[in-house]
Protein chains: 2
Amino acid sequence: MSISSRFSVGIHILALLELNKDGVNTSEFLASSVNTNPAVIRKIMGMLKKAELVEIHAGIAGAKLAKSLSIITLLDVYRAVDVVSENELFSVHENPNPDCSVGRNIQESIIPIFSNAQIALENTLSKVTIEDVVKDIVQKEQANSTK
Amino acid sequence: MSISSRFSVGIHILALLELNKDGVNTSEFLASSVNTNPAVIRKIMGMLKKAELVEIHAGIAGAKLAKSLSIITLLDVYRAVDVVSENELFSVHENPNPDCSVGRNIQESIIPIFSNAQIALENTLSKVTIEDVVKDIVQKEQANSTK
DNA sequence: GTTACCTGTAACCATAATAGTTACATTAAA
DNA sequence: TTTAATGTAACTATTATGGTTACAGGTAAC
């Protein structure tokens with residue numbers, strides 16, 4: 001199975017908040033860029049707000065980044081939108097048979113390995129910031145405009 | 001979401017085939033160790049067979065490892081049981097708005113990053129073999145028997 | 001204060017994957 | 001021929017996703 005697209009949508013939103021920082025970023029505007037329903041955006045925005053990545057207020061149109069681009073990593077977004085719980089990227093089968101040497105040890109053997117793999121993934125995400133993504137988008141735009 | 005427990009069950013099966021290599025490993029026997037239904041085991045065994053990790057034959061009771069423990073990595077198992085497709089660990093939202101600079105570039109910006117994270121995870125899995133898991137289980141057994 | 005507009009949230013739906021279950025055809029060995 | 005195992009298909013319950021509608025609550029402009 002795949003990790004929810006909430007993650008990629010979260011990145012999209014944050015990048016757009018930067019690139020449109022002088023505009024009014026309503027959920028409807030953001031939804032039109034992502035191409036989804038405004039309620040979906042508001043749900044994800046709620047998560048980003050809880051993680052203190054964005055500033056939004058009931059009744060007031062528009063959202064802003066709550067901190068500098070350069071210190072928001074993709075791992076922050078990944079955690080914010082709750083796509084994978086702590087140490088639960090891999091699921092381990094429950095209740096193996098304790099009367100079997102494999103059954104009674106497999107979980108303890110496997111869990112640290114799975115944890116390491118998950119950490120390797122998360123470390124990769126922690127090394128990329130929203131600033132990197134924004135710069136990449138700007139660069140791609142320039143490359144295309146001179147074609 | 002989590003990666004299917006087919007992966008951990010696959011590892012369990014392979015380790016057990018080694019530790020019980022002198023016995024007859026029917027799907028019923030394996031199922032009793034994993035604590036699930038024999039048909040579930042047979043389905044997973046079918047995938048392991050297709051990946052040439054185990055040898056089984058219709059009508060003949062028992063399964064054997066098809067290659068040496070030391071060269072079967074967890075990545076081999078992970079691919080065999082088809083828990084995550086190539087480059088699809090992360091899902092990316094479809095059809096972002098091409099009239100927005102973020103919308104028209106976000107996928108191209110994000111996909112290589114996601115791919116790197118997935119590769120980091122898979123590299124970790126490629127460094128652990130079934131032999132490592134078996135040794136760990138044996139060691140845990142010994143540690144417990146002397147308690 | 002009332003209107004207009006936005007956010008916050010709940011309720012609901014369709015879809016898809018998981019894990020399990022039953023059943024049975026197919027195959028091989030005793 | 002009988003027995004027993006594998007290989008599969010069909011079906012179920014459960015769960016997460018992503019979307020949709022609806023509306024309560026907050027804020028600002030008039």
Side-chain angles (χ1 to χ4, degrees), chain A residues 1-10 12-13 17 23-51 54-64 66 78 81-85 88-97, chain B residues 1-10 12-13 17 23-51 54-64 66 78 81-85 88-97:
Chain A
M1 238 264 166
S2 270
I3 290 172
S4 167
S5 68
R6 278 202 304 279
F7 183 28
S8 71
V9 172
H12 185 138
I13 290 171
L17 289 185
V24 180
N25 297 289
T26 63
S27 61
E28 190 174 358
F29 169 74
L30 297 170
S32 81
S33 173
V34 172
N35 192 22
T36 184
N37 192 292
V40 170
I41 296 293
R42 291 199 290 270
K43 205 180 294 180
I44 295 175
M45 292 295 283
M47 294 175 167
L48 296 175
K49 179 186 186 176
K50 202 170 166 188
V54 300
E55 280 175 15
I56 27 179
H57 304 278
I60 305 179
K64 299 275 177 200
Y78 169 91
V81 299
D82 199 32
V83 281
V84 174
S85 323
E88 288 188 8
L89 175 55
F90 296 93
S91 49
V92 178
H93 57 293
E94 307 280 314
N95 310 314
N97 189 341
Chain B
M1 240 258 172
S2 271
I3 289 170
S4 166
S5 68
R6 277 200 306 276
F7 183 28
S8 71
V9 172
H12 185 137
I13 291 171
L17 289 185
V24 180
N25 297 290
T26 63
S27 61
E28 191 175 355
F29 169 76
L30 296 170
S32 82
S33 173
V34 171
N35 193 23
T36 184
N37 191 291
V40 170
I41 296 294
R42 291 199 289 271
K43 204 180 296 180
I44 295 174
M45 292 294 282
M47 293 175 168
L48 296 175
K49 179 186 187 178
K50 202 170 167 188
V54 301
E55 279 175 17
I56 27 180
H57 304 279
I60 305 178
K64 300 275 179 202
Y78 168 91
V81 299
D82 198 32
V83 281
V84 173
S85 323
E88 288 188 8
L89 175 55
F90 296 92
S91 50
V92 177
H93 58 292
E94 306 280 314
N95 309 316
N97 189 341

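Letters go in sequence order (proteins before strands), and every chain restarts at 1. These numbers come from a predicted model, not from an experiment. Note: hydrogens, waters and symmetry copies are ignored here, and every other heavy atom, side chains too, is used.
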Atom pair distance, as rounded to whole Å: [atom1] in [X] and [atom2] in [N]:
X: A:Leu89; N: D:dA16; atom1: CG; atom2: P; value: 15 Å
X: B:Glu88; N: C:dA17; atom1: CD; atom2: P; value: 11 Å
X: A:Met45; N: C:dC6; atom1: CE; atom2: P; value: 14 Å
X: B:Lys50; N: D:dT8; atom1: NZ; atom2: P; value: 10 Å
X: A:Ile13; N: D:dG18; atom1: CD1; atom2: P; value: 13 Å
X: A:Met47; N: C:dT9; atom1: CE; atom2: C1'; value: 12 Å
X: A:Lys64; N: C:dC6; atom1: NZ; atom2: P; value: 15 Å

Taken in chain and number order and not counting sequence neighbours, the residues that satisfy side-chain contact (heavy atoms from CB on, under 4.5 Å) with B:Thr26 are B:Val24, B:Glu28, B:Phe29, B:Ala61
ask   = Counting only N and O atoms by type, is there a donor-acceptor contact under 3.5 Å from the side chain of B:Ser91 to the main-chain atoms of A:Ser5?
value = yes
**Request:** Kindly say whether A:Ile56 contributes a backbone atom to a donor-acceptor pair with the side chain of A:Lys49 at under 3.5 angstrom?
**Result:** yes
Determine, stepwise, if the pair B:Met47 / B:Arg6 fulfils side-chain contact (heavy atoms from CB on, under 4.5 Å).
CA-CA 10 Å; B:Met47 293 175 168; B:Arg6 277 200 306 276; 4.1 Å; yes
Self-check item: Pair B:Leu17-B:Lys64, side-chain contact (heavy atoms from CB on, under 4.5 Å): steps then yes or no
Solution: CA-CA 6 Å; B:Leu17 289 185; B:Lys64 300 275 179 202; over 6 Å; no
With the criterion being N/O to N/O and under 3.5 Å, what pairs connect the protein with nucleotides 2-6 of chain D, and how long is each?
residue : atom : partner : partner atom : Å
D:dT6   : OP1  : B:Ser27 : N            : 3.2
D:dT6   : OP2  : B:Ser27 : N            : 3.3
D:dT6   : OP2  : B:Ser27 : OG           : 2.7
D:dT6   : O4'  : B:Gly59 : N            : 3.4

Query raised in the report: Does some side-chain heavy atom of A:Leu30 sit less than 4.5 Å from a side-chain heavy atom of A:His12?
Result: no
Scanning both residues in full, the closest heavy-atom pair of B:Asn97 with A:Asn35 reads N-CB, 4.4 Å
Report, one pair per line, the protein and nucleotides 18-21 of chain C atoms (nitrogen or oxygen only) whose separation is under 3.5 Å.
residue : atom : partner : partner atom : Å
C:dA19  : OP1  : B:Ser5  : N            : 2.9
C:dA19  : OP1  : B:Ser5  : OG           : 2.7
C:dA19  : OP2  : B:Ser4  : OG           : 2.5
C:dG20  : OP2  : B:Thr36 : OG1          : 2.9

Only residue of B:Val40, B:Thr36, B:Ile44 satisfying side chain to side chain contact (heavy atoms under 4.5 Å, CB included) with B:Val9 is B:Ile44
